[in-house]
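To start, the structure itself, in structure tokens.
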Amino acid sequence: MTVQPGTLPCTGVTPVIHRHDLIIIGGGLAGLRAAYEAVSAGINVAVISKVHPLRSHSVAAQGGINAALGNADTTAHDSWEAHAFDTVKGSDYLADQDAVAIMCREAPAAVIELEHMGCVFSRDDAGHIAQRPFGGAGYPRTCYASDRTGHNLLHTLYQQVTAKGVTFYEEYFVISLFTAGGSCAGCTALCIPDGTIAGFFAKATLLATGGFGRIYERSTNALINTGDGLHLALEASVPLKDMEFVQFHPTSLYGTNILITEGARGEGAVLLNKNGERFMKHYAPGAMELAPRDVVARAIETEIREGRGFPGGSVHLDLTSLGEPLINERLPGIRQIALDFSGIDPVSTPVPVQPAQHYSMGGIDVDIAGRTRLPGLYAAGECACVSVHGANRLGGNSLLDTLVFGKLTAETIISDLPDLDLPEPTAIEEAVIEEDRRIVSLYSKGPGENIYQVRDALKKTMVENFGVYRNGPSMEAGLIEILSLRDRCHRAGVPLLQTPFNLPLVHFLEILGMVRIAETVARCAIARNESRGSHARRDYPVRDDDHFLHHSLAAPDSNDTITVRTSPVNLGMFPVKERVY
Amino acid sequence: MKFRVFRYTQGDDAPHYDVFETRGVPGMSVLAALTTIQEQQDPGLSFRSSCRGAACGACAMLINKVPRLACRTQVNELADEKNQVHLSPYPALEVDTPWDPATEVLVEPLPHLPLLKDLIVNMTAFFDFLQSVDPVFRPGDPLPGKEFRMEPDAVRKLERFTNCVLCGACFGACPVNSRNPEYPGPAALATLYRFHIDPRERDPGSRITSADTGSGWWACEFHANCTRVCPKGVPPSVAIDQARKELKTKRGAGR
């Protein structure tokens, strides 16, 4: 087909190019916190999201956000240093300690700021923000809004940025970063409601697209968490960091894998195997159910594998001793989830739970200021890896990460903007036409492979070979499977030419990224011959600081194969020690 | 299990219904059924979804003539007597397709908003109404050094309304919204009330006057469909009733 200059083959219209100083891809907490900072500084900022921002996965966060406010202190006093120590120990010493220090020092201000924006938090009797115990924490440090903390935070920030006049492009799926002259100057995106391709021309681009949990069969993540931002970065040769570290939440609802917050255990719920035994005493006699997530997830997995789980593979989370008033006050959403999705009332009956993928510690490699290695491109939140979570994130630290680094990265962008230049606008028009041509070629390939079968095979492979426990030979087999799925993906076509809300097209573009992300997880996991945090190898069961106290960096080489290099961990504040709970 | 699904693409002369049959599995939600149908039978079927756990509000639609979140609606419980929701009538509840409630789940888009494609509606008017109530916290000056102190009981009262996920189910259930294009609807008014009762506001208790009009608080007819369909237990009709009582008291005091 011949293409007239300046028109789109898919739609036959002149490309629409939107111009802003800063575009933020992703409308969850990190994206909106950054947008708030930028718009407050007078920056022309737009948020692009494949869903309405309030449908972002941040909204589903339940248990809370950590900050050493000290509101629940009795005799000993909490401090940001204690928070930093817990975070570093929780990370199995892989977190960069300078970054952790920033996050924990800024935590109280970040929480208070959202409260001052109107966010409603649960309160103690004195009227202060209430704080509950969470896994791996030395103090009751987790601020919460019953079990809807993410909902309250996201709705509050959305109200604020909307009032300040941030532009939203809702239901736009970003399909490529626009790079020119060695820097990023925007992106191209599919407008889902009408099927056109638009260009976004900006001096700075911030990726805040969240995690990639949906590459796993069992995940607590929203259906939209397909790691799109990580794929965009990889396609622009920006490395991903520490991708082998995938968090499995110990307590997802058996069946649907909807999250049951760690806050339930923080309030006193216990874990029981089929013999009615509180099995955590064998795995973490000190912390019991409030050991960090990697420890509890392994314990549950072991109980199930050794035959002490319930049929189908679950253990019981028993909230019955908490009593109805406390459950209604602090865990009402959990009660409703259990009722709605498994017909069980936790007030009277234990809830069957199983580990499920929950969070990605790894992500786009950024420095402590949120910059990637590509000038003009930044990343924050779950899609980024600073790293503050290292090999295992503590509960309550992800919401904190989004707020602190969303703000901080926006500050970096504000100071960088005067030095960032834009290329000629004709270049992005060409990029849009090129992307349009690519979409047309997908349509015209014919039916080919069924993308949903490819996706389902990928999810199964990831659970089987890159789950709670890993083993060299099975990971090697898993990698071969992933590479063959990538080939199958490239043979797939997309039905339905030029239709609004073309879901198979969006899904195809997502799955193309998912197989690539899976490959980085696999290659990083295979390269790390030790067990650390969430990365538990049966063939290398102990941590090996002599050889592996480093970050993994994965990026495509000149043959488009993902290769893994390493980079040093920033230590300094806390000496590396054995990790016991 | 059979699903009778509303279909519409812009340019069609009229919408129609397609019937799909899919194997029911225990615990299957309407959203899971739609996903299966889209992936295995008709890739062109369009609907919105995100969290699949009743937290995000993306998948509100009319299921068996009741606005609900598709993810939270269990297929095999739809027929249960305890799950029947009885609503005051409005035009969208009239059945104009040969639907057999005993054997088919009827899935249609949320009423009172413009159709875009199949089960997807344009939510712009809904969010514009939300903006019309100035849904942003206005604290006093100066701000406290730490958090505002709040009584736990004040939090409980606020939470009834902050739990709103802005899914639009109430808007699609409101008989007034079916015929009054000026009426902001239950979610927007509940949000206004949420800020009105927030004790941390600069001028708490002053906000309700902004909707003291014939198309604001006073347009509500107390069908209470909104409160019946809310998937998060938010009671907009209670907020509206409270607001009207407060306004009446104010007027009485000013006389």
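Worth knowing before you read on, the calculation uses all heavy atoms, side chains too, and leaves out hydrogens, waters and symmetry mates.
With a 4.5 Å cut-off on non-hydrogen atoms, B:Arg72 touches chain A through its backbone and its side chain both. Contacts of B:Leu69 with chain A are absent, with no heavy-atom separation under 4.5 Å from either backbone or side chain. Proximity to chain A is limited to the side chain of B:Arg156, based on heavy atoms less than 4.5 angstrom apart. Only the side chain of B:Glu159 comes within less than 4.5 Å of a heavy atom of chain A; its backbone N, CA, C and O stay farther away. Proximity to chain A (any heavy atom under 4.5 Å) is restricted, for B:Gln131, to the side chain, taken from C-beta onward. Contacts of B:Leu166 with chain A are made by both backbone and side-chain atoms, with heavy-atom separations under 4.5 Å. Heavy atoms of B:Pro139 lying under 4.5 Å from chain A belong exclusively to its side chain. When heavy atoms are compared at a cutoff of 4.5 Å, B:Phe47 approaches chain A by way of both its backbone and its side chain. Proximity to chain B is limited to the side chain of A:Asn71, based on heavy atoms less than 4.5 angstrom apart. At a 4.5 Å heavy-atom cutoff, the contact between A:Ile112 and chain B is made by side-chain atoms alone. Residue contact with chain A, scored on non-hydrogen atoms closer than 4.5 Å, involves the backbone and the side chain of B:Asn163 alike. Residue B:Gln74 touches chain A through its side chain alone, counting heavy-atom pairs closer than 4.5 Å.
Taken to the nearest 0.5 Å, the NE2 atom of A:His507 stands 7.0 Å off from the CD atom of B:Glu39. Taking OG from B:Ser46 and CD1 from A:Ile192, the interatomic distance works out to 10.5 Å, rounded to the nearest 0.5 Å.
Listed options A:Glu115, A:Gln62, A:Gln159 were ranked by heavy-atom pairs under 4.5 angstrom with chain B; first place goes to A:Glu115. Interface check for chain B: of the options A:Cys119, A:Gly333, A:Ser58, the most heavy-atom pairs under 4.5 Å are formed by A:Cys119. Counting heavy-atom pairs closer than 4.5 Å to chain A, the top-ranked of the candidates B:Lys117, B:Arg200, B:Lys232, B:Glu151 is B:Arg200. Interface remark: of the candidates A:Gln336, A:His57, A:Gln453, A:Glu171, A:Glu171 forms the most heavy-atom pairs closer than 4.5 Å to chain B. Of the residues considered (A:Lys50, A:Glu113, A:Arg214), A:Arg214 shows the highest number of contacts with chain B, using heavy-atom pairs under 4.5 Å.
Relative orientation of the A:Tyr158 and B:Phe127 rings is perpendicular, given thresholds of 30° and 60° on the angle between their planes.
Side-chain contact between A:His116 and B:Phe137 is absent, with no heavy-atom pair separated by less than 4.5 Å. Contact of the A:Ile258 side chain with the B:Arg52 side chain is registered, since non-hydrogen atoms from C-beta on lie closer than 4.5 Å.
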### Query
Taking it one step at a time, do A:Val120 and B:Val155 satisfy side chain to side chain contact (heavy atoms under 4.5 Å, CB included)?
CA-CA 7 Å; A:Val120 176; B:Val155 172; 3.8 Å; yes
### Task
Given side chain to side chain contact (heavy atoms under 4.5 Å, CB included), test A:Glu170 with B:Met123 step by step and report yes or no.
CA-CA 11 Å; A:Glu170 290 159 20; B:Met123 299 284 287; over 6 Å; no
### Task
Applying side chain to side chain contact (heavy atoms under 4.5 Å, CB included), run through A:Thr162 and B:Leu130 and close with a yes or a no.
CA-CA 11 Å; A:Thr162 308; B:Leu130 179 75; over 6 Å; no
### Task
Kindly determine whether A:Phe501 and B:Asp118 satisfy side chain to side chain contact (heavy atoms under 4.5 Å, CB included), including the steps that lead there.
CA-CA 9 Å; A:Phe501 294 97; B:Asp118 298 340; over 6 Å; no
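Across B:Ser49 and A:Ile224, no two heavy atoms sit closer than the pair O-CG2, 4.1 Å. Between B:Cys51 and A:Ala222 the shortest heavy-atom distance is CA-CB, 3.7 Å. The two residues A:Leu69 and B:Lys146 have their closest heavy-atom pair at O-NZ, 3.8 Å.
Side chain of B:Glu147 to backbone of A:Ile129: a donor-acceptor contact under 3.5 angstrom is found.
In this structure, B:Lys157 places its NZ atom where only 12 or fewer heavy-atom neighbours from other residues, nucleotides or ligands lie under 6.0 Å away.
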